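This report concerns only the one structure given below.
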Amino acid sequence: MQVKIVDDYAEISRFAAEEILAGWRKNPRIVLGLATGATPVGMYRELVKQYRENNLDFSGITTFNLDEYYPIAPEHPQSYRHFMQEQLFDHVNIKPEQTHIPNGAADDVEQECSRYEAALKASGGIDIQVLGIGENGHIGFNEPGTSFESGTHKVKLAESTIQANSRFFKDESQVPRYALTMGIRTIMASRKILLLASGERKAKAVAAMVQGPVTEDVPASILQRHPDVLLIADKAAAGLLNHLVK
C-alpha cells in the first residue's frame, strides 16, 4: 500500500482528481468505481473544474458506484443516484447509460445484486476504484464482520454508520437501515484503488487499515493484500501512522 500524506482536504481532492485524470488520459474509455459521502465531494468538484477549464471529453468513461441505500427511490434527494447527478454527472458529458448505481427501489434484491455483478463483469472490470473509509473501518457499506469473499449484496447498516450519515437527513430516523453494496471481493477485483481519508475522526480506522492485522473486523484491512492501493490522507487522518508522519 502506498501512502500519500498531504496538508489538508483541498490537497486530497486535487491529488485524487489528478490520479483519475491521469488514468483517463491513458485510457479515455476507463471504467471508474465511484464513492459517495462527504470525502469525495472535493474530488468531484475538481474534476468538473478541469473538465470545464480544459474542454475535456469524458464521453468514453463508464462508472459504477459502490453502493446505494435500500429501500430508496433514485429520485429521492438523499439517494446516491441523486448525489452523483448533483456532484458530477449533471456537469460533465459522461453518457447517462454509462453510469451505474445499484437500484435501491428494486423489488428483487438478489436479482438486482446479480444484475449489478454481471454489468461489472461485462464492462471488463473497474480500472480505478475510489473509496472512503468509515470510522469503524468499513469500505463501501461492508460493515465489520462482512466476509472478504462477498459479492454485491444487501447489508444491514451499523448504528455508527446510521449516526454518521444522519447529518445528510432531517433526522436519524429517516436514514435507511439497509443498503446494497459492492462486496469486498468485488472491490478487490479493481485494478487500482484510491482510498481518501480526511480528518482526525478517521485516524483510528486508517491506522488499523494500514498497520493492523488483516481481519474481517476491520474490512478495510484487506486492502493490505491488494497489489495497487494508494491511500491519500491529510495529516489529521494519518496522525496515528507515527512511522510515516514527520
Side-chain angles (χ1 to χ4, degrees), residues 2-68 74-104 116 119-133 139-140 168 182 186-187 189-199 226 228-234 237:
Q2 301 177 67
V3 179
K4 174 73 174 179
I5 300 173
V6 299
D7 287 334
D8 54 28
Y9 177 74
E11 199 170 349
I12 290 175
S13 301
R14 288 192 296 270
F15 196 89
E18 189 48 50
E19 287 289 317
I20 295 292
L21 290 171
W24 167 77
R25 291 184 188 106
K26 292 178 182 177
N27 175 18
R29 301 187 67 80
I30 193 169
V31 179
L32 298 175
L34 300 180
T36 51
T39 306
V41 167
M43 180 191 74
Y44 294 138
R45 288 176 181 163
E46 186 66 22
L47 287 172
V48 171
K49 176 184 175 184
Q50 294 294 328
Y51 168 84
R52 289 173 172 168
E53 291 182 354
N54 298 295
N55 195 29
L56 304 180
D57 180 10
F58 289 168
S59 62
I61 293 175
T62 296
T63 69
F64 286 87
N65 264 73
L66 280 167
D67 42 36
E68 177 60 280
E75 60 271 16
H76 190 286
Q78 298 304 336
S79 75
Y80 286 160
R81 165 57 72 179
H82 186 273
F83 175 97
M84 290 306 305
Q85 295 297 142
E86 190 174 63
Q87 299 297 332
L88 182 65
F89 298 153
D90 285 347
H91 309 290
V92 298
N93 70 331
I94 299 175
K95 296 177 182 177
E97 64 270 22
Q98 291 168 198
T99 66
H100 303 272
I101 299 175
N103 180 8
Y116 206 66
L120 273 164
K121 185 175 181 180
S123 77
I126 292 173
D127 295 304
I128 301 177
Q129 174 67 61
V130 178
L131 297 176
I133 185 169
I139 49 176
F168 301 114
M182 284 188 202
T186 311
I187 292 169
S190 306
R191 285 177 271 278
K192 180 181 179 70
I193 292 174
L194 298 180
L195 191 145
L196 316 182
S198 177
H226 191 281
D228 191 359
V229 176
L230 174 59
L231 165 63
I232 308 171
D234 59 23

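Note that the coordinates shown come from a computational prediction; the quantities given were computed from them, not determined experimentally.
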Taking S190 for its side chain and K192 for its backbone only, find out whether a donor-acceptor pair lies under 3.5 Å. no
For E86 and H91, work out which heavy atoms get closest and say how close. O-NE2, 2.7 Å
Who are the ring-ring contact (aromatic ring centres under 6.0 Å, His included) partners of H226, not counting sequence neighbours? none
State, yes or no, whether a side-chain contact exists between Q78 and H82 at a heavy-atom distance under 4.5 Å. no
Any chance you could lay out the side-chain contact (heavy atoms from CB on, under 4.5 Å) test for Y80 and L66, step after step, and finish with the verdict? CA-CA 10 Å; Y80 286 160; L66 280 167; over 6 Å; no
Nearest 0.5 Å, please: how far is CE in M182 from CD in Q129? 5.0 Å
Is the backbone of G104 close enough, under 3.5 Å, to the side chain of R81 for a donor and an acceptor to pair up by distance? no
CZ on R25 to CG on L56, rounded to 0.5 Å: 7.5 Å
If we only count heavy atoms from C-beta on, is the L47 to V92 side-chain gap below 4.5 Å? no
Quick one: does N65's side chain have a donor or acceptor within less than 3.5 Å of a partner on P102's backbone? no
State, yes or no, whether a side-chain contact exists between R45 and K49 at a heavy-atom distance under 4.5 Å. no
For P74 against S79, the heavy-atom pair lying closest together: O-OG, 2.7 Å
Decide yes or no for L32 and V130: does some side-chain heavy atom of the first lie under 4.5 Å from some side-chain heavy atom of the second? no
Can you find a heavy atom in the side chain of E18 that is under 4.5 Å from one in the side chain of Q50? no
Rounded to the nearest 0.5 Å, how far does CG of D67 lie from OG1 of T36? 5.0 Å
Ignoring hydrogens, what is the shortest heavy-atom contact between Y9 and S198? Give both atom names and the distance. CD1-OG, 3.7 Å
Specify the closest pair of heavy atoms between L131 and I193, including all atoms of both residues, with the distance to one decimal. CD1-CG2, 3.6 Å
Nearest 0.5 angstrom please: I101 CD1 to E68 CD, how far? 6.5 Å
All side chain to side chain contact (heavy atoms under 4.5 Å, CB included) counterparts of A233, not counting sequence neighbours: A197, L231, A237, A238
Are F83 and V41 packed together at the side-chain level, in the sense that at least one heavy-atom pair is separated by less than 4.5 angstrom? yes
Interatomic distance, OG1@T99 vs CG@L34, rounded to 0.5 Å, equals 9.5 Å
If you take all heavy atoms of A35 and G132, which pair is closest and at what distance? CB-N, 4.5 Å
Applied to residues 15-46, the ring-ring contact (aromatic ring centres under 6.0 Å, His included) test, sequence neighbours excluded, yields W24-F58
Heavy-atom check, side chain of H100 versus side chain of T62, under 4.5 Å: yes
Look up atom CD in E11 and atom NZ in K4, then write down how far apart they are to the nearest 0.5 Å. 7.0 Å
Which is it for I30 and I20 under the side-chain contact (heavy atoms from CB on, under 4.5 Å) test, yes or no, and what are the steps along the way? CA-CA 9 Å; I30 193 169; I20 295 292; over 6 Å; no
If you define the side chain from C-beta out and look only at heavy atoms, does anything of F89 sit under 4.5 Å from T63? yes
